[in-house]
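Read the structure below first, then the notes.
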Amino acid sequence: MMPRKTLPLVLVIVLCTFATGLHASRGVRIVVVAEAILAGTPAAAALASFDARDACTDPAYALAPWHLTGPYQWYYNPAGAPPEVADTALPTIQTATQTVLAGHNRCGLPAALGTSQRYLGTTTRTAGISPSGACTGDDGYSVTSWGRLPPSYLAYTCVYYNASTGAVLSSDLMIDNSVHHWFTTPPAACLGAYDLQSVATHERGHTAGLAHVDQSQHGTETMSPATRPCDTTERLLALGDLTGLKKLYATSG
């Protein structure tokens, strides 16, 4: 197999309005925002200047204009999962989802967020995301699936929300299966593969209402927009990530 390329960073955030899918008939104005987590050698350079301790001292966060109003209910389509993670991808994504919604973090801090997930099973539906990195419309189902994305994108989330209330209506996640290599258990010799759990935690942060923080200033946070190959430190939330979720969901403390 020819090695897959690691390309420079490209950041694209898409904001547009949709009036399609199941919610359109209810007269709801739907807004969709797309967020990507990126791969590339500039990410390693940006992160190199940060000490791991910064993750538990940096309180910075950024919020998106949406939030969950109930359990995040989602489906998984295993078609196209790379062989190296095909058997472990689903439990890994479930763990990542729970990390965000329960506030599991690297700092040992308590979190009472009042959010939860409900995994609804496998599906033949796919995430409504095109190979060019465009959200293709809300069908009322939140699906995580595998597919082709722009070469610098590890994964891509589209969040559909009610423009009036900010309530999330659905949120799709597409994970690249055409350029990048993945692992769920760190290999003894890691050469350019990416940690699925870290990437899924980042993407579920978008679903929950977290936006990107600045890579150059807050590179140890899970919600920084790029990640390094072979790195597993962002499987759990940093202080800033947790602080943002508490701003949205904290039920006590």
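Note that the numbering runs from 1 along the sequence shown for the chain. This one's a predicted model, so the numbers in the text were calculated from it and none came from an experiment.
His104 places no side-chain N or O within donor-acceptor distance of the main-chain N or O of Arg235, the cut-off being under 3.5 Å. Without hydrogens or angle criteria, Asp231 side chain to Pro229 main chain gives no donor-acceptor distance under 3.5 Å. The backbone N or O of Gly137 lies less than 3.5 Å from a partner atom in the side chain of Tyr160, making a donor-acceptor pair. Although no hydrogens or angles enter the test, the distance criterion places a donor-acceptor pair under 3.5 Å between the side chain of Thr222 and the main chain of Leu236. When atom types are taken as modelled, the side chain of Asn105 and the backbone of Leu109 share a donor-acceptor pair closer than 3.5 angstrom. Put simply, the side chain of Ser142 never gets that close to the backbone of Trp74: no donor and acceptor are under 3.5 Å apart. The backbone N or O of Gln94 lies less than 3.5 Å from a partner atom in the side chain of Gln117, making a donor-acceptor pair. The closest donor-acceptor contact from the side chain of Asp241 to the backbone of Ala238 lies under 3.5 Å. In terms of modelled atom types and a separation under 3.5 Å, the side chain of Asp172 and the main chain of Val143 share a donor-acceptor contact. The backbone N or O of Ala208 lies less than 3.5 Å from a partner atom in the side chain of Tyr249, making a donor-acceptor pair.
For Asp176 and Arg148, the salt-bridge test fails: no basic side-chain N is under 4.0 Å from an acidic carboxylate O.
Residues Val100 and Leu239 are members of separate hydrophobic clusters, defined by side-chain heavy-atom contacts under 4.5 angstrom among Ile, Leu, Val, Met, Phe, Trp and Tyr. Both Leu90 and Tyr194 belong to a single network of hydrophobic side chains, linked directly or stepwise wherever heavy atoms of I, L, V, M, F, W or Y lie under 4.5 Å apart. When the side chains of ILVMFWY residues are joined at heavy-atom separations under 4.5 Å, either directly or via intervening members, Leu68 and Leu113 end up in a single hydrophobic cluster. Hydrophobic clustering, with ILVMFWY side chains joined whenever heavy atoms are under 4.5 angstrom apart, groups Leu101 together with Tyr119. Cluster membership check: Tyr76 shares its hydrophobic cluster with Val85, using side-chain heavy-atom separations under 4.5 Å among Ile, Leu, Val, Met, Phe, Trp and Tyr.
Among all heavy-atom pairs drawn from Asn77 and Arg125, the shortest one is ND2-O, 2.8 Å. Shortest non-hydrogen contact noted between Pro78 and Trp146 is O-CD1, 4.3 Å. Thr57 and Pro59 make their closest contact through O-CD, 3.2 Å (heavy atoms, listed as atom of the first residue, atom of the second, distance). Between Thr227 and Val199, the shortest heavy-atom contact is CG2-CG2, 4.3 Å. Annotation for Ala86 and Ala81: closest pair CA-CB, 4.1 Å, computed over non-hydrogen atoms. Summarising the geometry of Cys158 relative to Gly128, their closest heavy-atom pair is SG-O, 4.4 Å, with the distance given to 0.1 Å.
To the nearest 0.5 angstrom, Ser171 atom OG is 13.0 Å from Gln73 atom CD. Rounded to the nearest 0.5 Å, atoms CD (Gln98) and OG1 (Thr115) are 8.0 Å apart. Ser132 OG to Tyr153 OH: the interatomic distance, rounded to the nearest 0.5 Å, is 9.0 Å. With rounding to the nearest 0.5 Å, the separation of CZ in Arg106 from CD in Glu221 is 8.0 Å. In this structure, CH2 in Trp182 is found 12.0 Å from OG1 in Thr88, a value given to the nearest 0.5 Å. Annotation: the span from Ser224 atom OG to Gln215 atom CD amounts to 4.0 Å, rounded to 0.5 Å.
The aromatic ring centres of His212 and His202 sit less than 6.0 Å apart.
A tilted orientation is assigned to the rings of Trp66 and Tyr161, their planes being inclined by 30° to 60°.
Of the residues Thr157, Thr144, Thr99, the one that meets the side-chain hydrogen bond (donor to acceptor under 3.5 Å, both in side chains) test with Arg204 is Thr144.
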Verdict with reasoning, Thr123 to Tyr141, per side chain to side chain contact (heavy atoms under 4.5 Å, CB included): CA-CA 10 Å; Thr123 183; Tyr141 295 87; over 6 Å; no
Any chance you could lay out the side chain to side chain contact (heavy atoms under 4.5 Å, CB included) test for Lys246 and Leu242, step after step, and finish with the verdict? CA-CA 6 Å; Lys246 284 185 171 181; Leu242 178 62; 4.1 Å; yes
Chi angles and distances behind the side chain to side chain contact (heavy atoms under 4.5 Å, CB included) call for Leu237, Thr201: CA-CA 8 Å; Leu237 304 174; Thr201 300; 4.1 Å; yes
May I have the step-by-step check of side chain to side chain contact (heavy atoms under 4.5 Å, CB included) for Thr184 and Asp195, ending in yes or no? CA-CA 6 Å; Thr184 55; Asp195 179 34; 5.7 Å; no
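In this structure the side chain of Ile129 reaches within 4.5 angstrom of the side chain of Leu149, judged on heavy atoms. A heavy-atom distance below 4.5 Å is not found between the side chains of Thr232 and Gln197. Counting heavy atoms from C-beta on, the side chains of Tyr61 and Lys247 come closer than 4.5 Å.
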